[in-house]
Structures are given as C-alpha cells and as structure tokens.
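What you see is a predicted model, and the numbers here were worked out from it, not measured in a lab.
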Amino acid sequence: MSNKKKGTIAAGIFTTLIAVGWIANEWNQRIIDEKGLDPSDGVIIQGRQEGEVPQAVPFKPREYIRIGPR
C-alpha cells in the first residue's frame, strides 16, 4: 500500500472521528437542554459579607488546601 493511500485513509478516519464527536456533543447538549438537566443554572456562589476581610495568610508546610470556618 502506498504512503499516499495510507495518508488518505488516516485523514478520512480522523475526519470521521471529529465529525462523529461533534455530532454526539451537539446531540448530548440538546438532550440536556430538553430535559432541563443543566446544573449550571442551580449553582449558588457564596459571596463575602460586607466588612469581611479575606485572610491572606501563607500556606503552612504540606497544606495544599485551606478549609475555612463554616
């Protein structure tokens, strides 16, 4: 099999996979919108209250995340 034929087949497979992925994503988004399953509508972000000063303390050793008071 020649390199030109191999390249054509590879390009065809690549294009087919991209097209199928695009169509599947659009179909999935349409289903999510129809059923109202979009979780981004229900996200509630806690805001700072007036007068609250954010803590700017450096992390301690091996402290990768900081869990604030509840």
### Query
Looking at Ile13, Ile18, Val20, which one forms a side chain to side chain contact (heavy atoms under 4.5 Å, CB included) with Thr16?
Val20
Identify each donor-acceptor pair in which a side-chain atom of residues 2-9 lies under 3.5 Å from a protein atom, sequence neighbours left out, and give them as a table.
from : atom 1 : to   : atom 2 : distance (Å)
Ser2 : OG     : Lys5 : N      : 3.3
Thr8 : OG1    : Lys4 : O      : 2.8

### Query
Should Glu26 and Arg30 count as an ion pair when the cut-off is N to O under 4.0 Å?
no
